[in-house]
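I have placed the structure first, in the form of structure tokens, so that the comments after it can refer back to it.
Along the sequence shown, residues carry numbers from 1. Counting convention: from 1, in listed order, for ligands and their atoms alike.
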Amino acid sequence: MSSLQVKLVKCLSDNYSYIIYNPISKNALVVDPAEAEPISKEIDILGLKLNFILITHHHQDHIGGNIDLKNLYQCKIIGYEEDASRINGIDIKLKNREIYRFEDEEIEINFAPGHTSGHVFYFFKKNKFAFVGDIVFSLGCGRIFEGNSSQMFNSVMQIKSLPDETKIFCGHEYTENNLKFCLAFDKQNNDLKDKALEIKNLRKKGLPTIPTDVLSEKKNNIFFRCDNPEISTNLEMRGETPEKIFEKLRELKDNF
Ligand SMILES: [Fe+2]
């Protein structure tokens, strides 16, 4: 039975990086190190051996710690083959859907463009963890910088199609703002009202709202709910396809 632990590390102003480790063997990897110092501090406190860095996309606030951590721990940097030229210090280049083994886990890399043209997410098949970078946030999705709405829609649907119990670890704490947007266009959603209380309680205590999970996002994240007739009615877009609804929502959110 696999028993990997995840330690969330706050970085920069609102970034989250993640240390995933086996508490017995002490082997560890880190996902998207925004900066080195807070991560190396945790690695040392936990007495871990940092073996790998996994990168979801090339933005500076996801790779900023790469070189310092590599110099400190001689770890290997893993990323998507097609975006290798933009990932500092990359050592291991994976193809879409390739499996990388770590401890007894199988990590699947999945190409999911839209936020950037080379964005990937990592699905830990046994533990049911998804490290999604800036594709999906709790109650939201990433901005479209290098792709189009159709690509982003398909990428978000890839996350939605993971098993319900999958824990989602994203790159930022944007949940409170995303909640305001969901409440504005998904007023009739009673699950969302419960979720709002949960979020407010966590944030009042200064605690992260992450991880979330696929089931919770299916119930609450408006970008997962583009097939919901009440939302299309709220947008005065009854009968439109989920993809069109998604496009409209992304546009509205950009100016919210
Ligand atoms: Fe990003």
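The line from CG of Asp227 to CE of Met157 is 7.5 Å long, rounded to the nearest 0.5 Å. For the atom pair CD of Glu198 and NZ of Lys200, the computed distance is 12.5 Å after rounding to the nearest 0.5 Å.
Within the coordination shell of the Fe ion (ligand 1), defined by N, O or S atoms under 2.8 Å, His62 is absent. Residue His59: an N/O/S atom is found under 2.8 Å from the Fe ion (ligand 1).
Closest approach between the Fe ion (ligand 1) and any N/O/S atom of Asp134 involves OD2. Nearest to the Fe ion (ligand 1), among the N, O or S atoms that His57 has, is NE2.
Classified by interplanar angle (parallel below 30°, tilted 30° to 60°, perpendicular above 60°), the ring pair His57/His115 is perpendicular.
Note: Phe223 and Phe246 meet the aromatic proximity criterion, with ring centroids under 6.0 Å apart.
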